[in-house]
Colleague: 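My questions will all concern the structure given below.
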Amino acid sequence: MEQIVKNLKLIYWSLVTGIILFGLVVEFVMIDATGGTGIDEGNFEFIFLSLSTLLTMGGLYGALRLFKIRKVEELIKSDPLEKYHAFCVIRMALLEGPALLNIIGYMLFVNTSFVWLGLMAFMGFFFIYPSKERFISETGYIEE
């Protein structure tokens with residue numbers, strides 16, 4: 001169990017660091033930009049923003065409620081160590097995807113709505129930090 005929690009923490013901090021570094025690189029590149037990439041199609045920006053909003057809200061909900069889904073609970077009971085690791089990676093991906101998508105949206109359109117959506121997805125990481133206590137509470141598994 002300790003090794004799984006250690007691996008999950010490594011994955012967690014790698015993803016968090018990657019999102020922060022990618023966001024900083026985009027911000028420093030965009031300092032001199034005045035209009036993004038020149039994509040002037042208003043409908044495309046609206047569709048992209050709508051899709052980003054839906055994916056961010058869905059990712060947040062999915063990541064925070066993943067272990068409450070009955071099928072996931074059943075799978076974890078069958079093999080707590082391996083399944084918990086797999087579902088934690090899925091949980092982190094549910095937040096990382098929208099965060100990166102919103103950083104790309106900001107880079108394309110220079111619209112601060114993408115920044116706020118990206119920050120919302122990033123803030124979700126604070127609620128899924130892997131620890132031994134979380135492992136025990138979400139799986140009910142107690143190491144003998």
Side-chain angles (χ1 to χ4, degrees), residues 1-33 36-37 39 41-144:
M1 176 171 50
E2 294 292 330
Q3 186 63 33
I4 288 179
V5 172
K6 186 185 278 188
N7 287 342
L8 287 172
K9 285 182 181 180
L10 177 68
I11 293 169
Y12 176 88
W13 286 114
S14 299
L15 292 176
V16 167
T17 304
I19 290 170
I20 290 171
L21 289 177
F22 185 59
L24 289 174
V25 166
V26 167
E27 183 59 33
F28 285 122
V29 168
M30 298 302 292
I31 285 175
D32 294 331
T37 58
I39 298 176
E41 185 65 41
N43 288 338
F44 181 65
E45 181 179 355
F46 175 75
I47 291 169
F48 197 88
L49 181 60
S50 300
L51 180 67
S52 294
T53 303
L54 290 173
L55 288 175
T56 301
M57 295 300 118
L60 278 169
Y61 181 78
L64 297 176
R65 299 283 302 164
L66 183 65
F67 289 97
K68 301 292 184 206
I69 298 172
R70 193 170 299 131
K71 183 67 174 171
V72 173
E73 287 177 340
E74 292 170 6
L75 288 171
I76 287 178
K77 286 179 184 174
S78 67
D79 185 13
L81 298 175
E82 290 298 317
K83 299 294 184 186
Y84 184 76
H85 184 271
F87 282 115
C88 276
V89 171
I90 291 170
R91 172 189 256 182
M92 290 179 210
L94 283 170
L95 294 175
E96 182 195 20
L100 293 177
L101 180 70
N102 285 305
I103 292 172
I104 291 169
Y106 174 67
M107 188 172 67
L108 288 174
F109 302 109
V110 193
N111 183 342
T112 55
S113 298
F114 291 107
V115 173
W116 294 116
L117 286 170
L119 284 173
M120 286 171 54
F122 180 73
M123 295 293 283
F125 273 96
F126 296 125
F127 297 102
I128 64 166
Y129 181 75
S131 66
K132 186 177 178 180
E133 294 78 22
R134 182 178 296 274
F135 174 83
I136 292 170
S137 72
E138 289 178 340
T139 63
Y141 178 81
I142 297 174
E143 195 171 43
E144 299 164 4

Colleague: According to the salt bridge (Lys or Arg N to Asp or Glu O under 4.0 Å) rule, which pairs have a member within residues 121-136, sequence neighbours left out?
Modeller: E2-K132, R134-E138
Colleague: Would you say K77 has more than 12 foreign heavy atoms packed within less than 6.0 Å of its NZ?
Modeller: no
Colleague: At their closest point, which heavy atom of P98 faces which heavy atom of A121, and how far apart are they?
Modeller: CB-CB, 4.2 Å
Colleague: Parallel under 30°, tilted from 30 to 60°, perpendicular over 60°: which one fits the rings of F122 and F125?
Modeller: tilted
Colleague: Enter the distance from L117:CG to L101:CG here, rounded to the nearest 0.5 Å.
Modeller: 9.5 Å
Colleague: Could you measure the distance from the CD1 atom of I19 to the OG atom of S14? Nearest 0.5 Å is fine.
Modeller: 11.0 Å
Colleague: Angle between ring planes, F109 versus F114, binned at 30° and 60°: parallel, tilted or perpendicular?
Modeller: parallel
Colleague: What pair of heavy atoms forms the shortest contact from S78 to K83, and how long is it?
Modeller: OG-CE, 4.4 Å
Colleague: Can you name the closest pair of heavy atoms from C88 and L8 and give their distance?
Modeller: CB-CD2, 3.5 Å
Colleague: Say you draw a straight line from CD1 of I103 to OG of S52; how long is it, rounded to the nearest 0.5 Å?
Modeller: 11.5 Å
Colleague: Determine the minimum heavy-atom distance between M57 and M120, stating which atoms define it.
Modeller: CE-CE, 2.6 Å
Colleague: Nearest 0.5 angstrom please: L66 CG to L94 CG, how far?
Modeller: 6.5 Å
Colleague: Could you measure the distance from the OG1 atom of T139 to the CZ atom of F87? Nearest 0.5 Å is fine.
Modeller: 13.0 Å
Colleague: What I'd like to find out is whether the side chain of W116 reaches to under 4.5 Å of the side chain of Y106, using heavy atoms alone.
Modeller: no
Colleague: Using 0.5 Å steps for rounding, measure from the CD1 atom of I76 to the CZ atom of F135.
Modeller: 8.5 Å
Colleague: As a quick check of understanding, evaluate side chain to side chain contact (heavy atoms under 4.5 Å, CB included) for I104 and F22, giving each step before the final call.
Modeller: CA-CA 10 Å; I104 291 169; F22 185 59; 4.1 Å; yes
Colleague: Show your reasoning for whether side chain to side chain contact (heavy atoms under 4.5 Å, CB included) applies to V115 and N102.
Modeller: CA-CA 7 Å; V115 173; N102 285 305; over 6 Å; no
Colleague: Return the minimal non-hydrogen interatomic distance between P130 and M92, and the atom names on each side.
Modeller: CG-CE, 4.3 Å
Colleague: Check L81 against I4 and note the closest heavy-atom contact, atom names and distance.
Modeller: O-CD1, 3.2 Å
Colleague: Would you please test H85 and I11 for side chain to side chain contact (heavy atoms under 4.5 Å, CB included) and show each step?
Modeller: CA-CA 10 Å; H85 184 271; I11 293 169; 4.0 Å; yes
